[in-house]
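Proteins get letters first, then strands, A, B, ... in listed order; numbering begins at 1 in each. Note that the coordinates shown come from a computational prediction; the quantities given were computed from them, not determined experimentally.
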Amino acid sequence: MVILAGNPNVGKSTIFNYLTGLRQHTGNWVGKTVANAVGVCKKGSEFFRIADIPGIYSLHSHTPEERLARDFIACEPHRAVVIVCDSTCLWRGLVLAISISELTPHIVLCLHLSDQAKKKGITIDEKALSAMWNIPVVTTSSKDKRSLKQLANLLERPIPKHNIRVTYSSEIEDELTLLESFIAPRNPTHLPDRYLAIKCLENDQEFIKTMHHCYGWDHSQLPTVSCLQSLAIQGYDSQKIERELLNHKQRMAEAVCQQVIRGNTKAETPVKADRFLTGRFTAVPTMFIGLLLLFWITMIGAQIPSQILWDGLFWLETPLVQFLSALSCPTVVTEVLVFGIYRVVAWVVSVMLPPMAIFFPLFTILEDIGILPRIAFNLDHLFQTCRTCGKQAITMCMGFGCNAAGVTGCRVIRSERERQIAIITNALVPCNGRFPTLITMLTLFFTFSATGLAATWITALELTAVILLGVGATFLCSRLLSKTLFKGYPSFYSLELPAYRMPKIGQVLVRSMLDRTVFVLLRSLAVAAPAGLLLWLLANIPLHQTNLLQYCAASLDPIGRLIGLDGAILLAFILGSPANEIVVPITLMIYNASGILTDYSSLASLKQLLLANGWTTSTALCMILFMLFHWPCATTMITVYKETKRWSSTLLAFILPTTLGCLLCAAVHWLFVLMS
Amino acid sequence: MTLDKATLGNTYRIQAIGGSSADQRHLNTLGLVEGCAASHVLRAPSGDPMAFLVHGSVIALRKDQLKTVTATLLDGDCSEQ
């Protein structure tokens with residue numbers, strides 16, 4: 001097996017995808033890969049296994065990723081480790097290469113992102129580097145498929161042993177030699193004696209335990225304590241030892257850099273776009289306009305496909321009924337199938353799908369370009385005042401795509417306290433599944449007799465305002481949580497701003513549109529089918545002179561009215577917990593007394609239906625607010641539990657948005673009552 | 001001077017890194033090592049965090065963290081990447 005290692009965000013996953021033909025999602029921010037992945041490379045005549053480990057800066061076991069990566073390299077038998085470096089930032093890659101070289105004899109250096117280096121005028125003398133260390137060095141770029149093929153060919157052949165050797169200070173070297181002499185005769189591991197000696201001097205208990213666990217290595221007979229004591233006498237406390245070990249590697253990397261890098265060494269000026277995006281007066285307007293444009297494009301793009309699908313699918317109903325009756329299907333089953341399940345699915349496909357299929361790819365493109373870290377950079381100050389991690393900006397943005405994905409993305413936040421806060425508040429921003437409902441409601445009730453293009457701009461503006469409300473709530477709740485339940489100090493925070501990358505638009509569009517389309521269709525079928533069935537059942541079980549469905553809606557009505565909604569809407573939210581997309585179709589179904597959607601051929605008649613059921617502007621506004629702030633969907637709740645393994649956090653994730661929603665809706669409702 | 005007082009566009013040479021050992025380690029790993037050069041290239045709209053070009057990559061750090069890094073202004077071009 002070959003292991004792919006490297007700094008975060010250099011493109012390891014892209015290389016992994018190329019070599020294995022797998023399609024793991026890559027994105028332009030540090031921390032994207034959070035677990036190991038193993039695949040098989042079949043590029044040439046032989047095939048071999050290849051593993052992709054999370055990006056790391058060094059091999060100290062101070063972060064979970066580093067521990068994972070280091071243990072993987074130490075315990076998994078492998079043929080070679082490929083260290084993927086960012087050619088524009090070779091120093092960091094070399095430090096990692098040197099660290100890894102102490103662990104394993106066969107390494108390959110992959111100088112990736114070479115196209116970017118060329119743009120900056122940096123050239124690296126790969127022959128000199130290769131000769132210096134006796135390792136194969138390949139220059140690659142994801143644009144140049146031939147270079148990747150070269151890498152694949154190289155990996156098929158046996159890799160020679162490198163001759164990299166870091167020399168530490170004489171005091172440390174003496175102790176290392178002593179320890180090595182004790183380790184050598186009884187070393188059951190595949191690791192060099194020297195590396196084990198270094199780990200002893202670092203007093204890395206975890207690693208020693210892992211070695212014992214993996215190989216049965218017994219370190220109890222080693223004179224580690226006396227070595228450390230002797231170093232202590234010479235002025236080397238544990239901190240100094242660690243610093244020394246790192247410093248020597250860094251200095252070696254620097255020396256090598258000076259020898260092999262030719263070309264531009266001037267400090268570069270940041271891209272004009274960065275100055276604009278983070279400028280004192282331009283940052284906020286740029287972000288606002290960007291968000292506005294994103295929504296406007298989504299709405300405009302979705303209008304026509306939505307209309308076509310809506311007309312088409314509802315037209316299909318009559319032939320479907322005829323077809324089923326031709327098969328002598330009992331009326332009951334036809335009703336359930338067509339007016340229950342099919343109607344819900346039709347709604348989801350025509351109203352929900354087009355905006356989602358447009359928004360998601362656009363969002364992915366922005367992610368690929370590298371906008372997210374800049375947003376995190378701009379918003380960090382606000383997160384600082386909330387005493388949470390600035391990376392929450394990134395997870396919050398991911399929540400726009402899907403709340404469950406946002407929760408999973410919180411793994412990049414190191415501090416446990418900050419991670420919990422980020423997870424619990426993630427559902428305060430609306431996900432892809434909620435946008436279409438918000439758009440529909442805003443279009444129906446809040447366009448104030450504007451038409452055509454003007455109407456879309458107004459709706460886009462309103463949608464942006466709603467989203468900003470969600471963002472504001474995230475800040476407030478994060479601050480509240482960090483002051484009450486999750487008190488603590490802010491942890492170390494650093495953010496890398498990677499260079500902008502041209503996204504592979506074609507690939508993104510195809511992959512995410514397809515993914516999203518298929519995913520939504522499948523999920524709507526999986527959720528809508530039982531929901532439709534359940535609704536039909538409830539609507540046809542008689543109870544107290546009406547049916548069970550109406551009875552439930554009526555019971556919930558008092559609570560609903562308190563917060564400006566009604567029983568039907570509340571029931572729909574409850575039944576729509578698996579997926580937010582079906583909340584509105586369920587509401588409509590409940591409104592119809594016999595449990596079947598009445599015909600509506602356009603948005604205008606939909607509005608009439610709602611008004612006929614007692615909706616006012618206040619109801620619409622409360623609906624929007626409640627859609628924004630209510631308990632997370634079932635997938636998200638399950639993900640929250642999986643990520644936190646705590647019932648308390650999951651409960652909080654449920655209570656927080658719901659309470660906020662109820663309070664806000666109640667306030668709006670009573671405001672309207674007072675004003676009229 | 002400490003790096004939180006850096007001026008946009010200037011390059012500095014790091015003299016010392018303070019703070020807790022864990023923080024020092026983090027900064028070291030990112031490339032902020034004694035003797036290396038860091039240029040202040042970007043600043044958030046509120047002034048915090050501040051982004052520095054270190055060893056070829058742009059790293060943003062909070063002012064709290066930068067207060068622990070002492071540096072001197074570098075004249076002319078920096079000689080390392």
Side-chain angles (χ1 to χ4, degrees), chain A residues 7 56-58 60 62-63 66 86-92 95 117 120 122 238-239 242-243 246-247 250-251 253-254 257-258 261 264-270 274-275 277-284 373-374 376-382 384 390 490-499, chain B residues 3 6 8-14 16-66 68-69 74-81:
Chain A
N7 292 136
I56 46 179
Y57 290 114
S58 72
H60 305 128
H62 296 300
T63 65
E66 289 173 356
D86 181 345
S87 302
T88 61
C89 180
L90 185 62
W91 179 82
R92 284 233 235 121
V95 174
K120 291 192 186 169
I122 300 173
S238 61
Q239 262 189 17
E242 231 188 290
R243 251 216 316 266
L246 182 61
N247 277 356
Q250 287 176 330
R251 258 176 263 162
E254 228 171 77
C257 273
Q258 291 200 356
I261 297 180
N264 188 4
T265 52
K266 273 212 299 272
E268 62 164 55
T269 50
D274 264 337
R275 277 269 154 83
L277 195 51
T278 63
R280 192 144 184 209
F281 302 110
T282 54
V284 173
R374 272 82 186 169
F377 185 62
N378 286 342
L379 296 180
D380 182 58
H381 184 70
L382 283 171
Q384 259 193 74
S491 63
F492 182 89
Y493 174 72
S494 71
L495 178 71
E496 196 180 332
L497 297 174
Chain B
L3 276 186
L8 203 57
N10 283 350
T11 309
Y12 301 85
R13 186 177 294 285
I14 297 178
I17 300 180
S20 73
S21 62
D23 288 352
Q24 279 182 33
R25 205 185 299 125
H26 276 123
L27 289 170
N28 276 342
T29 322
L30 289 171
L32 283 123
V33 199
E34 285 155 30
C36 89
S39 337
H40 182 31
V41 290
L42 219 53
R43 183 181 282 241
S46 55
D48 187 9
M50 299 164 68
F52 286 83
L53 178 68
V54 185
H55 279 288
S57 63
V58 180
I59 313 268
L61 290 164
R62 289 178 173 170
K63 274 197 174 153
D64 276 349
Q65 224 59 59
L66 291 167
T68 66
V69 182
L74 204 63
D75 289 319
D77 281 318
C78 67
S79 54
E80 296 128 56
Q81 186 201 8

Nearest-0.5 Å distance, CD of residue A/Glu254 to SG of residue B/Cys36: 7.0 Å
Give the member of B/Leu61, B/Leu27, B/Leu30 that has the highest number of heavy-atom pairs under 4.5 Å with chain A. B/Leu30
In terms of heavy-atom proximity below 4.5 Å to chain A, should B/Ile17 be classed as side chain, backbone, both, or neither? neither
Pick one of side chain, backbone, both or neither for A/Asn7, based on which atoms fall under 4.5 Å of a heavy atom in chain B. neither
Rounded at 0.5 Å granularity, tell me how far OG in B/Ser57 sits from CG in A/Leu90. 12.0 Å
Who among B/Arg43, B/Lys63, B/Glu34 has the most heavy-atom pairs with chain A under 4.5 Å? B/Arg43
If one checks every heavy atom of B/Gln24 against chain A at 4.5 Å, the contacting part turns out to be side chain
Tell me, side chain or backbone of A/Leu246 under 4.5 Å from chain B's heavy atoms, or both, or neither? side chain
Taking every heavy-atom pair that is under 4.5 Å apart, which of A/Arg280, A/Arg243, A/Gln384 has the most such pairs with chain B? A/Gln384
Starting at CG of B/Asp64, measure out to CG of B/Asp48 and round the result to the nearest 0.5 Å. 7.0 Å
Is it the side chain or the backbone of B/Ser46 that comes within 4.5 Å of chain A heavy atoms, both, or neither? side chain
Taking C-beta and beyond as the side chain, do A/Glu66 and A/Ser58 meet within less than 4.5 Å on heavy atoms? yes
Less than 4.0 angstrom from a charged side-chain N to a carboxylate O is my criterion; do A/Asp380 and B/Arg62 meet it? yes
Only one of B/Leu32, B/Leu3, B/Val41 forms a side chain to side chain contact (heavy atoms under 4.5 Å, CB included) with B/Phe52, so which one is it? B/Leu3
